[in-house]
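The next block holds one structure in the form of structure tokens; read it before the comments.
Everything numeric here is computed off the predicted structure, so don't read it as measured data.
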Amino acid sequence: MDGSQTQAKESRAIAASLSAASARFGDFTALSDITLDIEAGDFYTILGPSGCGKSTMLRLVSDLVPPASGTVEIFGKSTEAARLAREFAFVFQDATLLPWRSALENVELPLEIGRKRGIKTPKGDRTPSELLELVGLKRRENALPHELSGGMRQRVAIARALVCQPKLLLMDEPFGALDEMTRDRLNLQLLDIWKETGTTILFVTHSIPEAVFLGQKVLMLKANPGRVKEVVQVNLPFPREIALRETPKFNKYCSYLRKLLEEC
């Protein structure tokens, strides 16, 4: 299968590097001996059975959980240094917008917090208004969260995550609670954003078709404790359209990943 093949390519910066990294909560080992290099600009989707440590892996990378052993680096920095330098941003399953702030004000929030901490506002990239336009909310800047659909709130959350120009975007099942049609639209939009910004993305999902549709590579984790089962290279062309999901090659990848998941 394509996952075992390597392709010759130009050397690129390493966005995230995990070396024999483990995570423990008391006596419970959530992740064990994770070794992985994620190249800058790559789109990784992460699959695995419940309890295999998918979300914990994102928290290791984002400095929310310290490694019990091994090391984790972001663009050659410690996770703490990368967090302070705003090298990465996190999008959770819940959009977690402040209900009293408009869509635009929610996107502006990280910049306001940064200014209060003496952090310079990023220059030379999109403004909060332009980011809302990028995610398809050009005319909803003044809407409060309760006036937006679930998909719209997630788009605001993505715009907010992008406002500090992170080089790495961590996404923990951001579309898991949405209906299938909305999820499909946001999948397409996320691929457009990835192409335009060049941001490295780590995307956790429980959906095999979503993992194949979005990812250049699918990281399969196995459980008890969480470990790398396989990294599958998805050799499907970009740009991708929803019709791709009806093709034999797409379904072949889904079948292979389903088999891997059953072995986990």
Side-chain angles (χ1 to χ4, degrees), residues 13-25 28-48 51-98 106-107 109-111 113-114 117 119 122 131 154 156-176 190 193-194 197-206 211 214-215 217-219 221 225-228 231:
I14 300 299
S17 179
L18 295 89
S19 179
S22 299
R24 297 189 188 96
F25 301 97
F28 174 69
T29 300
L31 291 172
S32 176
D33 197 30
I34 303 291
T35 296
L36 183 71
D37 284 340
I38 296 163
E39 291 187 313
D42 277 355
F43 197 134
Y44 266 75
T45 50
I46 304 173
L47 280 174
C52 72
K54 297 184 294 295
S55 296
T56 300
M57 183 173 170
L58 292 193
R59 283 158 174 76
L60 263 182
V61 171
S62 63
D63 198 39
L64 291 174
V65 171
S69 60
T71 61
V72 183
E73 292 186 344
I74 308 299
F75 291 100
K77 302 181 179 74
S78 69
T79 54
E80 180 183 19
R83 173 176 55 79
L84 294 173
R86 296 188 170 190
E87 298 274 13
F88 59 80
F90 213 127
V91 179
F92 297 92
Q93 184 172 356
D94 189 323
T96 62
L97 304 180
L98 296 181
N106 267 286
V107 176
L109 184 60
L111 298 179
I113 293 172
R117 294 176 178 174
I119 300 172
L131 284 170
Q154 279 300 72
V156 174
I158 293 170
R160 181 180 60 190
L162 293 172
V163 76
C164 291
Q165 302 174 38
K167 293 189 286 184
L168 173 63
L169 188 59
L170 308 170
M171 309 186 79
D172 193 2
E173 294 190 77
F175 309 144
L190 181 59
I193 291 169
W194 171 61
T197 62
T199 305
T200 309
I201 297 179
L202 293 183
F203 185 103
V204 168
T205 178
H206 275 105
L214 290 175
K217 298 171 185 174
V218 180
L219 171 64
L221 295 178
R227 292 156 291 160
V228 175
V231 178

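- Among all heavy-atom pairs drawn from Leu47 and His206, the shortest one is CD2-C, 4.0 Å.
- Nearest heavy-atom pair, Leu131 versus Ala159, reported as atom, atom and distance to 0.1 Å: CD1-O, 3.6 Å.
- Considering CG of Leu214 and CZ of Phe43, their distance stands at 4.5 Å, rounded to 0.5 Å.
- Side-chain contact check for Ser69 and Ser22: at least one donor-acceptor pair (N or O, by modelled atom type) lies under 3.5 Å.
- For Phe175, the ring pair (Phe, Tyr, Trp, His ring centres under 6.0 Å) partners at least two apart in sequence or on another chain are Phe203.
- Arg86 and Pro110 make their closest contact through NH2-O, 3.0 Å (heavy atoms, listed as atom of the first residue, atom of the second, distance).
- For the atom pair CG (Leu60) and CD1 (Ile34), the distance works out to 8.5 Å, reported to the nearest 0.5 Å.
- At distances below 3.5 Å, not a single donor-acceptor pair connects side-chain atoms of Lys217 with backbone N or O atoms of Val231.
- For the pair Gln154 (side chain) and Ala95 (backbone), a donor-acceptor distance under 3.5 Å is present.
- Using a 4.5 Å cut-off on side-chain heavy atoms (C-beta onward), Thr79 and Val61 make no contact.
- Remark: Arg83 engages Asp63 in a salt bridge (Lys or Arg N to Asp or Glu O under 4.0 Å) (not counting sequence neighbours).
- One distance of note links CE of Met57 with CG of Leu219; it measures 5.0 Å at 0.5 Å rounding.
- When every heavy atom of Trp194 is checked against every heavy atom of Gly41, the shortest pair comes out as NE1-O, 3.0 Å.
- At distances below 3.5 Å, not a single donor-acceptor pair connects side-chain atoms of Gln93 with backbone N or O atoms of Gly176.
- For Ile14, the side chain to side chain contact (heavy atoms under 4.5 Å, CB included) partners at least two apart in sequence or on another chain are Ser17, Asp37, Glu39.
- Taking Thr56 as the reference, Ala23, Phe25, Ala30, Leu31 meet the side chain to side chain contact (heavy atoms under 4.5 Å, CB included) condition, with sequence neighbours excluded.
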Could you walk me through whether Lys167 and Ile74 satisfy the side chain to side chain contact (heavy atoms under 4.5 Å, CB included) test, starting with their C-alpha distance in whole Å, then the side-chain angles of each, then the deciding distance to 0.1 Å, before giving a yes or no? CA-CA 10 Å; Lys167 293 189 286 184; Ile74 308 299; over 6 Å; no

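- Rounding to the nearest 0.5 Å places CD1 of Ile46 at 12.0 Å from CD1 of Ile201.
- Atom CZ in Phe92 sits 12.5 Å away from atom CD in Glu173 (nearest 0.5 Å).
- Scored by the side chain to side chain contact (heavy atoms under 4.5 Å, CB included) test, Ala68 finds Arg24 as partners (sequence neighbours excluded).
- Cys164 and Leu111 make their closest contact through SG-CD2, 4.0 Å (heavy atoms, listed as atom of the first residue, atom of the second, distance).
- Listed by chain and residue number, nothing satisfies the salt bridge (Lys or Arg N to Asp or Glu O under 4.0 Å) test with Glu73 (two or more places apart in sequence, or in another chain).
- Between the side chain of Asp172 and the main chain of Val204, no donor-acceptor pair closer than 3.5 Å is present.
- From Leu168, atom CG reaches atom OH of Tyr44 across 12.0 Å, with rounding to the nearest 0.5 Å.
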Would you sort out whether Thr35 and Val228 count as a side chain to side chain contact (heavy atoms under 4.5 Å, CB included), showing the intermediate values? CA-CA 8 Å; Thr35 296; Val228 175; over 6 Å; no

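- Closest heavy-atom contact between Ala211 and Thr45: O-OG1, 3.0 Å.
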